[in-house]
Amino acid sequence: MKKILLLSAYKSDSHASWVKWLTQNLSADWRVLELPGRYYRWRIRGNPLSWLDELPALLNDWQPERILATSMVDIATLKGLFPQLAAVPVSYYFHENQFAYPQGEGQHNSVDPQMVQLYGALSADECLFNSQFNRDTFLAGVDALLKKLPDCKPADLRARLQPKCRVLPVPVNPVAAGEKKPGLILWNHRWEYDKKPDDFLGILRCLSSRNIDFKLALLGPRAEKTPPVLQQIRSEFAANIVADGMVSRAEYEHWLGAAPVVVSTAIHEFQGLSVLEAVSAGAVPVVPDDLCYREQYATANRYAPGQVEQAAAQIIAALQQHQPVAAPAAFMQAGAGWQRWLEQL
């Protein structure tokens with residue numbers, strides 16, 4: 001049985017479910033180290049310090065044959081700090097990449113996160129990405145970064161990295177379709193800037209101005225302090241809301257099965273797990289013509305980013321003529337790809 005050290009430096013919901021799927025579905029001797037999904041800047045820069053005492057204890061009587069590390073792990077530094085890991089092959093997994101991550105208002109602009117991922121990719125034996133969009137924007141971002149650096153730089157980083165880059169999505173567990181509730185619109189994303197909920201509010205106002213009868217299931221994580229846009233939606237559309245909160249998994253799947261339409265207004269999405277789950281349950285996607293969505297859904301399901309009128313028109317059409325689409329096979333059948341990954345180690 002293969003001995004695999006799995007390192008995840010930011011235990012968000014999606015990263016944690018990925019770890020859970022791997023360790024429950026792939027037969028290996030797994031040892032897992034995870035760090036809480038908070039203090040992002042500290043996590044991506046400080047994980048070698050965070051594991052400085054924990055790793056020696058784990059490695060005291062156990063030697064991994066493979067390291068699977070997320071791209072928030074500073075694997076180049078870890079291999080330098082721990083000679084026992086220096087020669088262990090590394091699979092470096094990109095849930096996201098810092099070259100294509102939108103900067104929020106008030107956030108500090110630093111090249112540090114990009115450099116962590118660049119050094120990690122260079123030191124890894126293979127780089128795995130959850131979508132073509134993720135892979136391509138990472139490689140393009142490396143090119144763009146090198147052009148900004150003043151001197152003493154290699155000229156062929158993309159050529160070195162590209163041969164060891166491939167796409168291997170996070171496995172998606174399909175959700176059973178239920179009885180569709182007429183007019184129900186699903187939002188199942190984080191209520192943060194990178195999901196652009198202000199555009200969702202604009203879409204709802206467009207629907208209201210056209211006297212469309214609709215209901216809302218407002219799901220997904222939200223901060224302790226209620227985001228202003230969520231409070232505004234609650235104020236303007238209180239009578240339309242049938243679900244609002246971070247609900248249990250069973251209730252979450254109920255609303256996915258009941259929704260004829262799922263909407264995204266994201267400006268950052270590398271795989272779009274929440275939409276994939278909803279589509280597997282029979283919801284029609286209405287998503288931006290951008291990001292990972294271009295490789296997942298037909299043109300008819302995509303609207304020009306920021307064009308709330310167009311998005312509203314597509315939602316109306318989907319509610320009136322509900323025609324489910326097939327969830328993209330490459331993403332829904334990713335489990336088989338991970339099984340092959342294990343067999344080829």
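Numbering starts at 1 and runs along the sequence shown. Quantities reported herein were computed from a predicted structural model and do not represent experimental measurements.
- When only modelled atom types and interatomic distance are considered, Gln310 and Gln314 share no side-chain donor-acceptor pair under 3.5 Å.
- Between Lys164 and Asp125 there is no salt bridge, since no side-chain nitrogen of the basic residue lies less than 4.0 Å from a carboxylate oxygen of the acidic one.
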(request) Check the pair Trp191, Leu218 against side chain to side chain contact (heavy atoms under 4.5 Å, CB included), reporting the backbone distance first and the verdict last. (result) CA-CA 10 Å; Trp191 290 85; Leu218 306 176; 4.0 Å; yes

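- A salt bridge does not link Arg222 to Glu192: none of the charged side-chain nitrogens sits closer than 4.0 Å to a carboxylate oxygen.
- Side chain to side chain, Ser71 and Asn97 fail the donor-acceptor criterion of an N or O pair below 3.5 Å.
- One finds a salt bridge joining Arg210 and Glu309 here, because a Lys/Arg side-chain nitrogen approaches an Asp/Glu carboxylate oxygen to under 4.0 Å.
- Taking the six-membered ring where the residue is Trp, Tyr10 and Tyr40 present perpendicular rings, their angle passing 60° and hence far from 30°.
- Gln117 and Glu96 share a donor-acceptor pair across their side chains, judged by distance under 3.5 Å alone.
- In this structure, Asn188 contributes its side chain and Leu219 its backbone to no donor-acceptor pair below 3.5 Å.
- Between the side chains of Asp29 and Trp62, a donor-acceptor pair is found at a separation under 3.5 Å.
- The pair Lys148-Asp143 does not count as a salt bridge, with every side-chain nitrogen at least 4.0 angstrom from each carboxylate oxygen.
- Partners of Tyr252 under the ring pair (Phe, Tyr, Trp, His ring centres under 6.0 Å) rule, at least two apart in sequence or in another chain, do not exist in this structure.
- Side-chain polar atoms of Glu126 and Ser91 form a donor-acceptor pair below 3.5 angstrom.
- A continuous path of ILVMFWY side-chain contacts below 4.5 Å connects Trp30 to Trp338, so both sit in one hydrophobic cluster.
- The hydrophobic clustering, which links ILVMFWY residues whose side-chain heavy atoms are closer than 4.5 Å, places Leu186 and Val275 together.
- With hydrophobic clusters built from ILVMFWY side chains whose heavy atoms lie under 4.5 angstrom apart, Leu204 does not share a cluster with Leu184.
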